[in-house]
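To start, the structure itself, in structure tokens.
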Amino acid sequence: MITIFLTFILTTCLYGCVLLLACRRVARHLRGNQEAVKAVTEHVLLPVFGRQDEQEPVEERPKEPLP
């Protein structure tokens, strides 16, 4: 059981380190590069988080009298 737990922890740490290095590399590339910032914003951030479109007003139903 301990072996499984240690394997899980070590694998998670390994993935975290790889993700950290990738994020740092992307951040260095974006620093001072307006075209890269625009591309990442349009092709990564907006599809992931979505745009805040104006919502149409919800039509209210007429209230029915209680019996």
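Position 1 is the first residue of the sequence, and the numbers go up from there. What's counted below: heavy atoms across the whole structure, side chains too, no hydrogens, waters or symmetry copies.
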Query - Apart from Ile2 itself, residues in the same hydrophobic cluster as defined by side-chain heavy atoms under 4.5 Å - result: Leu6
Pairs of donor and acceptor atoms involving the side chains of residues 12-27, under 3.5 Å and at least two apart or interchain, shall be tabulated with distances.
unit_1	atom_1	unit_2	atom_2	d
Thr12	OG1	Phe8	O	2.7

Query - Option from Thr11, Leu10, Ile9 for which side-chain contact (heavy atoms from CB on, under 4.5 Å) with Thr7 holds - result: Thr11
Counting only pairs under 3.5 Å, give me each side-chain donor-acceptor contact of residues 34-41, with atom names and distances, residues two or more places apart or in other chains.
unit_1	atom_1	unit_2	atom_2	d
Thr41	OG1	Val37	O	2.7

Requested in this report: List, by chain and then residue number, the residues other than Ile4 in its hydrophobic cluster (Ile/Leu/Val/Met/Phe/Trp/Tyr, side-chain heavy atoms under 4.5 Å); write none if there are no others.
Outcome: none
